[in-house]
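Just below is one structure, and these are the notes that go with it.
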2 protein chains.
Amino acid sequence: MKLTTKGRYGLRAMVDLAVNTDDEAVALSQIAERQGISLNYLEQLVARLKKSGIVNGIRGAQGGYVLAMPAEEISVGDILRALEGDLSPVDCYELNSTDTPCGSSDICVTKYVWKRISDSINDAVDGIMLSDLVAESKKVQAEAGIRQVKQTNQTC
Amino acid sequence: MKLTTKGRYGLRAMVDLAVNTDDEAVALSQIAERQGISLNYLEQLVARLKKSGIVNGIRGAQGGYVLAMPAEEISVGDILRALEGDLSPVDCYELNSTDTPCGSSDICVTKYVWKRISDSINDAVDGIMLSDLVAESKKVQAEAGIRQVKQTNQTC
DNA sequence: TTTAATACCGAGTAATTTAATAGGAATTAA
DNA sequence: TTAATTCCTATTAAATTACTCGGTATTAAA
């Protein structure tokens, strides 16, 4: 029941991109250095975000990535689902079906549990927009007096 | 972000135990057969439930397992945490601390996301009691006319 | 008193997934 | 032309998962 580094690193990268964006594209090498993530690995994560239409890549020198839409329109749920796949606690194609084809009922019964967990996770992450995290990040950074320290603790 | 078979099988086993319990202990071999789970593996799952004080083992012939308390007092959260460990999306010992020791704020910012996911998962599973699943199971079984079919679909 | 049924315990293992690393091709601003 | 960049695919070491296996201890019942 844990997110992988895809989700953890990827969300950090998205906050970094959104915070450090001006009118120019942000190069992955910069994000990688700021966040202490390997460039090669970060490329793979961002490829998923691009595939989901959350960021756009700009190729060539002075290229980089930009948000594909305003941060107010990108939810943490969009980001995490792009990185991790669906956030349901079980892989069950009929989680959302209404019929109950199970003979013994235990499976059907636990299905309601999985559904409720799934819904609560998705509600939680869809209720947080990237812009919320950007605002929080800027607030914390202002309080800290722009004391910029290199990341070492990667547990979260 | 998936539960393992420990959580999936283990919750099914707990519902089975609670449904099929009379005044006698229920042998794991019976649960294993009804649920289509290997006995050896089921033993390992139930060991965790016992360690958490959710079930009691009764050794010897005619032995088995019984709920350690009424099903009304056992939440799905208790069961899943016993089987899976904590249900937080990240392993972060300071998720619940109030100070923000991070230099760059991105880690601190994403921590709020992990906290909200964690809280929503735990709220969801703590709000469902084993007795709720037992009631639901009996209802479904009554509707189906006790058409008992061997489990084959193990995806949920 | 024996037997059979059961919980309890620890080691081992194949398959899968994760978390990268590595190296190159394509594109483009300077 | 060059350097910076995205883009793409393959490989790999380590960790985790999902078991299997083989036993020991305990106890009710025959």
Side-chain angles (χ1 to χ4, degrees), chain A residues 1-13 17 20-21 23-33 35-68 83-86 89-91 154-155, chain B residues 1-13 17 20-21 23-33 35-68 83-85 89-91 154-156:
Chain A
M1 206 54 184
K2 294 278 175 274
L3 289 172
T4 66
T5 55
K6 291 194 196 76
R8 300 206 316 271
Y9 294 178
L11 181 58
R12 290 231 315 273
L17 172 57
N20 293 103
T21 205
D23 31 341
E24 316 222 317
V26 180
L28 285 193
S29 54
Q30 295 171 31
I31 298 178
E33 202 193 357
Q35 299 297 328
I37 304 171
S38 116
L39 173 59
N40 280 302
Y41 193 43
L42 184 57
E43 281 176 349
Q44 294 176 36
L45 308 185
V46 174
R48 291 171 183 245
L49 295 165
K50 190 192 170 198
K51 200 171 153 203
S52 295
I54 294 174
V55 299
N56 288 329
I58 296 165
R59 305 186 68 165
Q62 310 306 112
Y65 286 89
V66 293
L67 299 183
L83 292 161
E84 295 271 346
D86 94 317
V90 294
D91 274 323
Q154 307 287 358
T155 56
Chain B
M1 206 52 182
K2 293 281 175 273
L3 288 172
T4 66
T5 54
K6 292 193 195 80
R8 300 207 315 272
Y9 294 179
L11 181 58
R12 288 231 316 274
L17 173 58
N20 293 103
T21 204
D23 31 343
E24 315 221 318
V26 180
L28 285 194
S29 54
Q30 295 172 30
I31 299 177
E33 202 194 354
Q35 299 297 326
I37 305 172
S38 118
L39 173 58
N40 280 301
Y41 193 44
L42 184 57
E43 283 178 346
Q44 294 176 30
L45 308 185
V46 174
R48 291 172 183 244
L49 297 165
K50 191 193 169 198
K51 200 172 153 202
S52 296
I54 293 174
V55 298
N56 288 329
I58 297 166
R59 305 186 68 165
Q62 310 306 114
Y65 286 89
V66 293
L67 298 183
L83 292 161
E84 295 272 345
V90 294
D91 274 324
Q154 306 287 358
T155 55
C156 298

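These figures come from a predicted structure and were not determined experimentally.
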Rounded to the nearest angstrom, tell me the gap between atom [atom1] in [X] and atom [atom2] in [N].
{"X": "Ile58(B)", "N": "dA29(D)", "atom1": "CD1", "atom2": "P", "result": "12 Å"}
{"X": "Arg59(B)", "N": "dT26(D)", "atom1": "CZ", "atom2": "P", "result": "5 Å"}
{"X": "Leu28(A)", "N": "dT6(D)", "atom1": "CG", "atom2": "C1'", "result": "8 Å"}
{"X": "Glu24(A)", "N": "dT5(D)", "atom1": "CD", "atom2": "C1'", "result": "14 Å"}
{"X": "Gln62(B)", "N": "dA4(C)", "atom1": "CD", "atom2": "C1'", "result": "9 Å"}
{"X": "Met1(A)", "N": "dT16(D)", "atom1": "CE", "atom2": "C1'", "result": "17 Å"}
{"X": "Leu3(B)", "N": "dT17(C)", "atom1": "CG", "atom2": "P", "result": "16 Å"}
{"X": "Tyr41(A)", "N": "dC7(D)", "atom1": "OH", "atom2": "C1'", "result": "18 Å"}

Contact nearer the 5' end of DNA chain D, comparing Ser38(B) with Leu39(A):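 Result of the comparison: Leu39(A).
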
Over all atoms of both residues, closest heavy-atom pair of [X] and [Y]:
{"X": "Pro89(A)", "Y": "Met1(A)", "value": "CB-CE, 3.9 Å"}
{"X": "Val26(A)", "Y": "Asn20(A)", "value": "CG2-O, 3.7 Å"}
{"X": "Leu83(A)", "Y": "Gly10(A)", "value": "CD1-CA, 3.6 Å"}

Would you mind telling me which of [options] lies closest to the side-chain atoms of [X]?
{"X": "Ala61(A)", "options": "dA19(C), dA4(D), dT27(C)", "result": "dA4(D)"}
{"X": "Tyr9(B)", "options": "dC19(D), dA18(D), dA19(C)", "result": "dC19(D)"}
{"X": "Thr4(A)", "options": "dA19(C), dT5(D), dC8(C)", "result": "dA19(C)"}

Under the rule for side-chain contact (heavy atoms from CB on, under 4.5 Å), what residues qualify as partners of Glu24(A), not counting sequence neighbours?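 Result, side-chain contact (heavy atoms from CB on, under 4.5 Å) vs Glu24(A): Asp22(A).
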
How would you summarise protein contacts on nucleotides 9-14 of chain C per nucleotide, using B for base, S for sugar-phosphate only and - for none, with heavy-atom distances below 4.0 Å? B-B---

Please walk me through it: do Ile31(A) and Leu17(A) pass side chain to side chain contact (heavy atoms under 4.5 Å, CB included)? CA-CA 7 Å; Ile31(A) 298 178; Leu17(A) 172 57; 4.0 Å; yes

Say whether Thr5(A) and Tyr41(A), considering side chains only, have a donor N or O and an acceptor N or O under 3.5 Å apart.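 Yes, side-chain donor-acceptor contact under 3.5 Å.
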
Nearest-nucleotide 5' precedence on DNA chain C, Asn56(B) against Lys6(A):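 Checking each residue's closest nucleotide, the 5'-ward one belongs to Asn56(B).
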
Is dA28(D) paired to anything, Watson-Crick or G-U wobble with both distances less than 3.5 Å, and if yes, which nucleotide?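 By the stated definition (distances under 3.5 Å), dT3(C) pairs with dA28(D).
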
What do the steps show when you test Asp86(A) against Lys2(B) for salt bridge (charged side-chain N to carboxylate O under 4.0 Å, His left out), and what is the final call? CA-CA 9 Å; Asp86(A) 94 317; Lys2(B) 293 281 175 273; 3.1 Å; yes

